[in-house]
Amino acid sequence: MVTNTQPERYGTADAGRRNGVAISALVIGIVGLVISFWGVLSLVALVLGVVGLRRSPAKGERGHGQAIAGIVLGVIGVVWGILALVFGLQHYFFFVDH
C-alpha cells in the first residue's frame with residue numbers, strides 16, 4: 001500500500017492578514033522624513049498610522065508594530081517640519097529687517 005505523504009509545513013503562507021494601512025504608514029513615514037521638508041507626508045503617515053493601529057486588532061490583522069513605527073516617524077517628521085518652518089521664517093525676517 002502506497003500513501004501519498006508530504007512533509008509537514010511549520011507555518012502557513014497566510015498566518016494572518018497584513019494591514020495595508022499600517023504598511024503604508026511606515027513607508028510614507030520613511031519617505032516623509034527623507035524628502036518632505038515641511039512635514040506634509042509625515043502628517044499623512046501619522047494619520048494612517050493611527051488608522052492602522054485601530055484596525056489591526058479589530059480585524060485580526062498583523063501590522064501593529066508597523067503602525068506604531070508610522071506614528072513615531074510621522075510625529076518626528078511633523079515636529080521637524082514645524083521647526084524648519086519656525087527657523088526658516090525667523091531667518092527670513094532677520095535678514096529682511098537688517
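Heavy-atom basis, side chains included; hydrogens, waters and symmetry copies ignored.
Side-chain contact between Asn19 and Gln66: absent, with no pair of heavy atoms (C-beta onward) separated by less than 4.5 Å. Contact check for Arg18 versus Ile23: side-chain heavy atoms found under the 4.5 Å cut-off.
Here the shortest heavy-atom pairing between Gly63 and Ser56 reads C-OG, 3.9 Å. Nearest heavy-atom pair, Leu41 versus Gly32, reported as atom, atom and distance to 0.1 Å: CB-CA, 3.8 Å. Residue Ala67 comes nearest to Gly49 through the heavy atom pair CB-O, 3.6 Å, listed as atom of the first residue, atom of the second, then distance.
Going from atom OG of Ser42 over to atom CD1 of Ile71 covers 13.0 Å, rounded to the nearest 0.5 Å.
Among the candidates Ile28, Ile35, Val34, the single residue satisfying the side chain to side chain contact (heavy atoms under 4.5 Å, CB included) test with Val31 is Ile35.
Among pairs with a residue in residues 67-89, none fulfils salt bridge (charged side-chain N to carboxylate O under 4.0 Å, His left out), at least two apart in sequence or across chains. Among pairs with a residue in residues 52-61, those fulfilling salt bridge (charged side-chain N to carboxylate O under 4.0 Å, His left out) read Arg17-Glu61, Arg55-Glu61, at least two apart in sequence or across chains.
Listed by chain and residue number, Leu46, Val78 satisfy the side-chain contact (heavy atoms from CB on, under 4.5 Å) test with Leu43 (two or more places apart in sequence, or in another chain).
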